[in-house]
Amino acid sequence: MNALENIKNSLIDRILATRNEQLLEAIKSIFDSTQSEEIISLSTEQIEMLAMSEKDIEEGQFISEAELDKRDAKWLG
């Protein structure tokens with residue numbers, strides 16, 4: 001087990017053992033505040049798909065949600 005896993009397991013053990021609600025709220029708050037700062041790495045394929053989508057939008061190759069709903073209803077009906 002590596003150092004990161006040891007830290008995680010130690011924290012989990014301590015969280016499970018505590019009865020201190022304020023401590024748990026503080027830990028939750030830390031996680032909540034750092035969650036939005038996490039960097040999400042996209043794969044090459046995901047980046048390519050986003051670029052293709054942006055190109056489609058620039059070229060006007062899209063439909064509205066209302067039109068999509070109409071097409072869905074026609075297809076399903």
When rounded to the nearest 0.5 angstrom, what is the spacing between CD1 in Ile57 and CE in Met52? 12.5 Å

Which residues satisfy the side chain to side chain contact (heavy atoms under 4.5 Å, CB included) test with Glu58, sequence neighbours excluded? none

Between side-chain atoms of residues 67-77 and protein atoms elsewhere (two or more places apart, or another chain), which donor-acceptor pairs fall under 3.5 Å?
from  : atom 1 : to    : atom 2 : distance (Å)
Glu67 : OE2    : Arg71 : NE     : 3.3

Residues forming a side chain to side chain contact (heavy atoms under 4.5 Å, CB included) with Asn2, sequence neighbours excluded: Leu4, Glu5

Can you name the residues that form a side chain to side chain contact (heavy atoms under 4.5 Å, CB included) with Ser43, not counting sequence neighbours? Glu45, Gln46

Tell me whether Ile12 is reachable from Ile27 by hopping between hydrophobic residues (I, L, V, M, F, W, Y) whose side-chain heavy atoms are closer than 4.5 Å. no

Sequence neighbours excluded and cut-off under 3.5 Å, please list the side-chain donor-acceptor pairs for residues 13-22, or say none.
from  : atom 1 : to    : atom 2 : distance (Å)
Thr18 : OG1    : Asn20 : N      : 3.0
Asn20 : OD1    : Gln22 : N      : 3.0
Asn20 : OD1    : Leu23 : N      : 3.0

Taken in chain and number order and not counting sequence neighbours, the residues that satisfy side-chain hydrogen bond (donor to acceptor under 3.5 Å, both in side chains) with Glu59 are Gln61

Measure from the side-chain N and O atoms of Ser10 to the backbone N and O of Asn6, and report whether any donor-acceptor pair falls under 3.5 Å. no

